[in-house]
Amino acid sequence: MSASRGGGINIDVSAHAPGVEDAPRAASPEPHGMCRIALVVVWLILLGAIGAMSQQPASPHAGGTDLNLPQPESKADALAPSPQLTRKDSEAVKKKEYTTPDLSSRIEKWTSYRGKYFTTELGVAALIDYDSFSQDAESKKQIGVQDDQWDTRSMRFFASGGIGPKSYRVSYLAAYGFNGFDAPENHKNYWSFTDLFATFPAGKLGALTYGKQKETFVYEMIGDAAYLYQSERNLTPFFTSRNVGLMLANSVFKKRMTYTAGWFNDWYVTGTPFDKSGNQFTSRVTGLLSINEDGSKYFHIAASGRYAGATNGYVQLRGRPLGNVGDYFTDTGKIPATGQTDFGLEALWNYNSFSILSEFVRAYVQGTQFPSPSFYGFYVAGSWVITGEHHPYDRNVGYARRIIPQHHFGAVELTAMFGRNDLDDKSIHGGISDKTFFGVNWLLNRRLKLGVAGGVVTLDRAGLNGTTWIVQPRIQYIF
């Protein structure tokens with residue numbers, strides 16, 4: 001699998017506007033500082049393994065007495081890289097009543113089976129957007145005219161459950177649906193298995209997951225996209241959404257720290273020869289530095305790393321401000337390389353109904369024909385739930401979960417985000433994009449959410465500085 005969503009047009013100095021001189025750029029910093037971070041990540045994983053070997057058996061529940069968090073049935077279920085489906089809600093949450101009607105609880109019974117050695121539950125997740133663009137003249141020259149359009153951001157059908165006795169129960173997830181975010185080049189309407197994996201308990205070492213799953217790099221990717229503060233991820237040039245591989249996960253030190261490590265390569269799925277298909281190695285370590293008794297005040301930090309081998313001798317980083325539609329705003333083109341090494345840092349602070357999330361990623365490309373470039377991206381996102389709720393923190397996986405409305409009319413959240421992706425360095429001119437967005441979300445009940453986000457994206461590329469205004473309303477339903 002490509003180190004980023006493959007395809008696209010090579011972009012080099014000749015792609016710039018005629019007569020426009022490139023300003024000298026400082027040489028990319030050597031990765032010594034990031035290498036130190038990588039060593040810290042490895043050391044923390046070793047510490048986590050030691051802690052895992054000495055810890056006492058613990059409940060799979062993610063947050064003690066917090067009934068707003070998912071209620072996994074086993075350790076494998078708790079550590080699996082699964083989205084938060086409403087079927088995992090506690091009984092207390094399921095009994096909440098809202099002004100906006102929802103499906104009858106009998107639907108859950110009709111779409112599930114619970115036996116002694118096998119369980120299954122069916123679900124669906126639908127995110128429907130309408131994307132509206134307004135561009136200045138330079139933006140149109142850079143990326144072409146962007147059309148207003150409806151977008152099925154995601155439409156997935158799930159089957160999840162467990163296999164085996166309670167003493168050793170394997171968790172599984174199969175998700176099939178439309179996912180334009182991961183569509184191959186020239187496939188606008190793309191249906192496939194977005195997730196297909198099984199998670200096996202591994203004793204005190206945690207749990208092993210094999211199959212098509214999320215790579216363990218970048219909070220935006222690992223977390224539930226439907227419940228992020230921002231309507232769309234910002235760091236898309238720096239990760240692959242899904243890949244086929246093996247991942248180890250655990251929560252240690254009384255669930256104050258999590259670690260994951262994975263190896264991914266989908267050569268036998270795509271038909272690419274193994275020696276031409278890039279191997280991906282990822283890891284992420286989180287630390288919960290503080291949390292109060294009811295989980296409404298917490299501070300989380302994390303570090304992650306990823307090595308992505310080249311596919312057919314190239315790597316490519318590119319991104320667009322929305323999930324599935326529009327052209328790529330930033331694009332390095334195909335860079336001859338052996339691979340790329342990425343490092344990430346993240347911090348999440350929550351104080352009652354206020355929270356701030358920030359990430360920084362640096363990518364170092366190991367070029368084979370040109371001086372090796374490096375690129376970076378970051379964002380800062382904020383949330384204020386004006387009705388008083390908060391995003392509860394899941395200690396099993398090291399990220400915040402969805403808001404559970406506590407009022408009959410639901411919950412209302414205001415959001416803001418600023419992010420940058422810089423894909424310009426040395427002979428590579430992929431562009432520098434800044435994105436500022438504001439939004440409001442109305443969670444009418446525990447399954448239905450209405451939202452609207454809007455803002456401006458500026459792009460410095462090809463000797464031009466373009467500006468694009470975007471408005472994106474969304475309707476979302478998770479069952």
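Bear in mind that the values here come from a model prediction, so they are computed numbers and not experimental data.
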Student: My understanding is that only one of Phe438, Tyr351, Phe354 makes a ring-ring contact (aromatic ring centres under 6.0 Å, His included) with Trp384; could you say which?
Tutor: Phe354
Student: Any chance the side chains of Arg306 and Thr240 put a donor and an acceptor closer than 3.5 Å?
Tutor: yes
Student: So, using side-chain hydrogen bond (donor to acceptor under 3.5 Å, both in side chains) as the criterion, who are the partners of Ser104 when residues are at least two apart?
Tutor: Arg106
Student: List for me each residue that meets salt bridge (charged side-chain N to carboxylate O under 4.0 Å, His left out) alongside Asp224, sequence neighbours excluded, and say none if there are none.
Tutor: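 Once residues adjacent in sequence are excluded, the partners of Asp224 under the salt bridge (charged side-chain N to carboxylate O under 4.0 Å, His left out) criterion are Arg401.
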Student: For Tyr229, enumerate each residue passing the ring-ring contact (aromatic ring centres under 6.0 Å, His included) test, keeping only those at least two apart in sequence or located in another chain.
Tutor: His391
Student: Output side-chain donor-acceptor pairs under 3.5 Å for residues 115-125, partner residues at least two apart or in another chain, one line each.
Tutor:
from   : atom 1 : to     : atom 2 : distance (Å)
Thr119 : OG1    : Gly162 : N      : 2.9
Thr120 : OG1    : Tyr172 : OH     : 2.9
Glu121 : OE2    : Arg114 : NH1    : 3.4

Student: Can you name the side-chain hydrogen bond (donor to acceptor under 3.5 Å, both in side chains) partners of Arg447, sequence neighbours left out?
Tutor: Thr86, Asp102, Glu108
Student: Check salt bridge (charged side-chain N to carboxylate O under 4.0 Å, His left out) between Asp77 and all other residues, then give those that pass, not counting sequence neighbours.
Tutor: none
Student: Just grab all the side-chain hydrogen bond (donor to acceptor under 3.5 Å, both in side chains) pairs involving residues 160-169, residues at least two apart or on different chains.
Tutor: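 Sorted result for residues 160-169: empty, none.
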Student: Taking salt bridge (charged side-chain N to carboxylate O under 4.0 Å, His left out) as the definition, give me every residue that meets it alongside Arg474, ordered by chain and number, with sequence neighbours left out.
Tutor: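 For Arg474, the residues satisfying salt bridge (charged side-chain N to carboxylate O under 4.0 Å, His left out) (neighbours in sequence not counted) are Asp129, Glu232.
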Student: Looking at residues at least two apart in the chain, or sitting in another chain, which of them share a side-chain hydrogen bond (donor to acceptor under 3.5 Å, both in side chains) with Thr209?
Tutor: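 Residues passing side-chain hydrogen bond (donor to acceptor under 3.5 Å, both in side chains) with Thr209: Thr199.
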Student: List for me each residue that meets ring-ring contact (aromatic ring centres under 6.0 Å, His included) alongside Phe157, sequence neighbours excluded, and say none if there are none.
Tutor: none
Student: The criterion is side-chain hydrogen bond (donor to acceptor under 3.5 Å, both in side chains); which residues satisfy it with Ser112, sequence neighbours excluded?
Tutor: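 In terms of side-chain hydrogen bond (donor to acceptor under 3.5 Å, both in side chains), with neighbours along the sequence ignored, Ser112 is linked to no residue.
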Student: Test of understanding: with salt bridge (charged side-chain N to carboxylate O under 4.0 Å, His left out), list the residues that count as partners of Arg256, not counting sequence neighbours.
Tutor: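 Arg256 satisfies salt bridge (charged side-chain N to carboxylate O under 4.0 Å, His left out) with no other residue.
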Student: Decide, yes or no, whether a salt bridge links Arg446 with Asp89 under the criterion of side-chain N to carboxylate O below 4.0 Å.
Tutor: yes
